[in-house]
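This report refers to the structure that appears directly beneath it.
These numbers come from a predicted model, not from an experiment.
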Amino acid sequence: MTDRDNPTGNEIDGAPVGNHDGNYVGRFAPSPTGPLHMGSLVAAMASYLDAKAHHGQWLVRIEDVDGDRNVAGADRDILASLQRCGMRWDGEVTWQSRRTALYEQALLRLGGLVYPCGCSRKEIADSQLSLSGRQAQALIYPGTCRDGLAPGKSARALRLKVPISPHCVIGFDDRWAGHISQDLTDEAGDFVVKRADGFWAYQLAVVVDDGDQGVTDIVRGADLLDSTPRQIYLQQALGLPQPSYLHVPVVVNERGEKLSKQTGATAFDDGAPPELLLRQALLPAARFLGMDVQADTIDAFWRAATPAWAEVLRNPPSLDIAQT
């Protein structure tokens with residue numbers, strides 16, 4: 001990822017940032033792998049406030065397409081925590097696991113750009129020995145099955161072709177991070193759209209869902225900056241509009257690791273009374289996002305936080321991919 005320049009400088013009241021045609025649709029899309037932690041709350045808060053500041057809609061989508069990682073009941077706990085925090089979504093909650101027909105249709109539209117791949121992860125790793133430059137620095141698929149499966153190989157995953165010559169370079173202006181560009185040919189390669197375990201890949205599912213739901217503005221954590229060029233490439237291949245993007249810093253633990261279930265992140269919502277939830281979760285999350293909000297109730301918090309978010313967007317702090 002290169003070209004991280006200054007933020008665009010667009011303003012929100014009078015000349016709103018992002019899509020400002022009066023039809024703003026944002027979303028929060030958690031995976032039900034466990035309860036929401038502080039990192040999740042920061043992402044939810046940023047997306048919620050951005051929708052409110054633009055007088056738009058805020059959707060909630062449960063991204064449960066990765067069935068092996070889902071935790072029973074986590075989706076209900078997530079929705080309950082959002083409600084306890086005073087975040088109210090528009091329309092009905094959607095679940096990716098109920099939308100597989102849409103992904104199948106998208107696969108058909110991609111046509112000849114999609115091909116079967118019979119390579120294991122170990123085989124892909126071994127192939128890096130023959131690569132140089134950026135491709136040797138990451139697990140980039142070398143295109144082994146691009147022109148057909150080798151004799152004796154059976155299909156494991158489905159991949160999407162990325163142009164080789166000329167290189168496919170995708171750039172976009174992030175409303176927080178500034179201009180971002182990525183050479184997909186060198187830094188991503190042909191990427192998976194349906195996994196070897198039969199589950200739909202995140203990149204395809206999220207692009208199809210955002211297009212189907214009319215999402216105009218995506219606000220999420222900076223850990224997904226690297227995925228955005230692949231998603232834009234998929235949008236182009238499927239003839240879908242490109243949303244506006246805003247990636248906020250991610251919360252890390254004392255070891256500098258992104259908060260997640262894998263790194264031992266704990267739930268921010270332990271059922272404490274609203275005044276404790278405000279003091280121990282909402283106010284710290286707001287401070288992390290650069291907002292100095294004073295409030296003694298959750299309702300008062302959101303009334304103060306919405307204009308505070310608009311003020312932050314007038315001059316976004318410099319982006320650190322991870323902040324404590």
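Heavy-atom minimum distance, P30 versus I78: CG-CG2, 3.8 Å. Taking all atoms of both residues into account, the shortest heavy-atom contact from R230 to A188 is CD-CB, 4.1 Å. Looking at every heavy atom in both residues, D90 comes nearest to G56 through OD2-O, 4.1 Å. Heavy atoms only, all atoms of each residue included: A51 and W58 are closest at CB-CB, 3.9 Å. Contact between V293 and A308 at its shortest, heavy atoms only, is CG2-CB, 4.1 Å.
Between D64 and R69 there is no salt bridge, since no side-chain nitrogen of the basic residue lies less than 4.0 Å from a carboxylate oxygen of the acidic one. Ionic pairing of D217 and R27 is not present here: no N-O contact between side-chain nitrogen and carboxylate oxygen is shorter than 4.0 angstrom.
In this structure, the side chains of I170 and Q182 stay at 4.5 Å or more apart for every pair of heavy atoms. The closest side-chain heavy-atom distance from F28 to I62 is not below 4.5 Å. The shortest side-chain heavy-atom distance between Y202 and L224 falls under the 4.5 Å cut-off. The side-chain heavy atoms of M45 and F301, taken from C-beta on, include a pair separated by under 4.5 Å. With a 4.5 Å cut-off on side-chain heavy atoms, L110 and L234 count as touching. Here the side chains of L313 and D50 are in contact, with some heavy-atom distance below 4.5 Å. Side-chain atoms of P116 and C145, non-hydrogen and from C-beta on, never get closer than 4.5 Å to each other.
There is a side-chain donor-acceptor pair under 3.5 Å between T228 and R220. Between T100 and W200, the side chains place no donor N or O within less than 3.5 Å of an acceptor N or O (distance only, hydrogens not considered). Checking Q203 against Q231 by side-chain atom types alone, a donor-acceptor pair falls below 3.5 Å. A donor atom on one side chain and an acceptor atom on the other are not found under 3.5 Å apart for D173 and Y245.
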Inset, instruction - Could you give me the CA-CA distance, side-chain angles and deciding distance for D209 and R99, then say whether salt bridge (Lys or Arg N to Asp or Glu O under 4.0 Å) is met? - result: CA-CA 8 Å; D209 287 336; R99 302 167 65 80; 2.6 Å; yes

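For residues 267-281, every residue pair satisfying the salt bridge (charged side-chain N to carboxylate O under 4.0 Å, His left out) rule, not counting sequence neighbours, is listed here: R84-D269.
For Y48 and W302, the gap between ring centers is short of 6.0 Å. No close placement of the Y141 and F191 rings is indicated, their centers lying 6.0 Å or farther apart.
More than 12 heavy atoms of other shown residues, nucleotides or ligands fall within 6.0 angstrom of atom CG in D197.
Checking K161, R159, R146 one by one against D190, the salt bridge (charged side-chain N to carboxylate O under 4.0 Å, His left out) holds for a single residue, R146.
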